[in-house]
There are 2 protein chains.
Amino acid sequence: MATTAPKLEARGGESRREALLDAAAEMFAAKGYDGTSIRDIAGAVGMLPGSLYYHFKSKEDLLIAVYRKGVARFEAAIDQALASTGADPWQAIEAACAAHLSILLDGGDYARIVNPEFVRSFPAEMLPTLNAERDRYERHFEKLIAALPLAAETDRWLFKVALFGSLNWSQTWYRKGRYTPQDIAAAFIGMLRKQDA
Amino acid sequence: MATTAPKLEARGGESRREALLDAAAEMFAAKGYDGTSIRDIAGAVGMLPGSLYYHFKSKEDLLIAVYRKGVARFEAAIDQALASTGADPWQAIEAACAAHLSILLDGGDYARIVNPEFVRSFPAEMLPTLNAERDRYERHFEKLIAALPLAAETDRWLFKVALFGSLNWSQTWYRKGRYTPQDIAAAFIGMLRKQDA
DNA sequence: GAGGCTACCAAACAAGTGTTTGCTATGGCA
DNA sequence: TGCCATAGCAAACACTTGTTTGGTAGCCTC
């Protein structure tokens, strides 16, 4: 009965925009950007196609919003993982990998949008915008790798892309049950960690 | 002046079909399956859209033909690489990886189609057909990995997906010049090869 | 030189696309 | 009570899509 309550969302409000984002993420992940129509997305939340344009000014605009939310999830997960990790660099990167995998594999539909190979199907003119978001995220890993006591001849750039490849590829084969994200992270880091280091 | 020459391809013949395949591979790789129209492909070889249906009975049919050709290139490359390699299992898998990368990175547009993350954008009903082709190819690598003297605790399945991930991810970052496929293969295998094995 | 096959053109079809426009019911605020 | 922003409906617009259909020039064979 509070009279000062911000009474927005009477019949919809901000939550409707969120519902559209969720529906878009789900359908983009399932059928791709081109394979999903404005009518599909609007219909999923019981809305007519034209009404969606009250919340987003274009289909691309909607995609960018979904993508941003996806990247934000990854960043939040790794921030949290690193906050509760000791100083050992191998332990730190394993924790970061586990966090990355847990979002990638069990993080819902938003996470699937962020995959660069997925992004390739988007309109070309928006690639710079999207890639900038992702590059910033990858820099977290570059820092972690810089701190590793690797053999002198190891190329740290190739180390990074090798690790990232292994991690992101897991989207291709992962099925719930057999391995946990932690299992996979531990195994991958274990393989890359020379016994004598 | 040979009178017995197989005079096909007078105005087109089999070479026209091949030209369509090339154009389709190029445009699928560049703009995706949905992003490429029949009109684009036909136009690229100076043909009207309807005429394409003389050579292929549908757009999906065309895609399958391109995909098959892509897989065949990978198989031919690794067959050849393994034929000229000694018995050392590490050397063998490094050669296979280098062959895989050379096709993936410098093998033209056909190779890009084979990427599973790319395939995800295709019509769902054709995935079984395409995946069967690819699984057969991956089995070559499983055999090579089975022969490796890995540490007892190493999960060879995870080893395979880690390696495949690193290899295929290179499509995302590779630019001509800095590294050769052989460089990358050697570096990746070097990282995965424990010093004491 | 008549028939038939190859390879293609020309034109349309039905369906689906992203987007725009004009309008309207609802609730909060002065 | 009147006003105004919110949130959405209803209907269309202009365009692109994969595909089909009927026709036809050129070559090969008999």
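Throughout, a chain's letter reflects where its sequence line sits, starting with A, and its residues are numbered from 1. Hydrogens, waters and symmetry mates play no part in the numbers below; they use all other heavy atoms, side chains included.
- Of the residues near DNA chain D, A:G46 and B:E60, the one whose nearest nucleotide (by heavy atom distance) lies more toward the 5' end is A:G46.
- Atom CG in A:D40 sits about 6 Å away from atom P in C:dT17, given to the nearest Å.
- Here D:dT19 presents its P atom at 10 Å from NZ of B:K57, a figure rounded to the nearest Å.
- Remark on DNA chain D: of its neighbouring residues A:R39 and A:M47, the 5'-side contact belongs to A:M47, judged by nearest-heavy-atom nucleotide.
- When the nucleotides C:dC8, C:dT17, D:dG18 are ranked by their closest atom to the side chain of B:R16, C:dC8 comes out on top.
- You'll find the side chain of A:I93 reaches within 4.5 Å of the side chain of A:L163, heavy atoms only.
- Computed from coordinates, the B:I41 CD1 to D:dT17 P distance equals 11 Å when rounded to whole Å.
- Contact annotation: the side chain of A:L101 never approaches that of A:Q182 to less than 4.5 Å [non-hydrogen atoms, C-beta and beyond].
- Separating the NZ atom of B:K59 from the P atom of D:dT20 is a distance of 14 Å, rounded to the nearest angstrom.
- Distance from the side chain of B:L48 is smallest for C:dA10 among the nucleotides D:dG18, D:dG8, C:dA10.
- When distances are taken from the side chain of A:H55 to each of D:dC9, C:dC8, D:dG8, the shortest belongs to D:dG8.
- Within the 4.0 Å cut-off from OP1 or OP2 of C:dC9, at least one side-chain nitrogen or oxygen of B:S51 is found.
- Using a 4.5 Å cut-off on side-chain heavy atoms (C-beta onward), B:L104 and B:S170 make contact.
- Distance from the side chain of A:Y54 is smallest for D:dG8 among the nucleotides C:dA10, C:dT17, D:dG8.
- For A:S58, the listed nucleotide lying nearest its side chain is C:dT19; candidates were C:dG18, C:dT19, D:dG8.
- The backbone N or O of A:I145 lies less than 3.5 Å from a partner atom in the side chain of A:R156, making a donor-acceptor pair.
- Across the protein-nucleic acid pair, A:E18 atom CD and D:dA7 atom C1' stand 16 Å apart, rounded to whole Å.
- With rounding to whole Å, A:Y53 atom OH is found 16 Å from D:dA10 atom C1'.
- B:Y33 and A:D34 form no side-chain donor-acceptor contact under 3.5 Å, judged by distance and modelled atom types alone.
- Taking atom OH on A:Y33 and atom P on C:dT17, their separation rounds to 13 Å, with Å as the unit.
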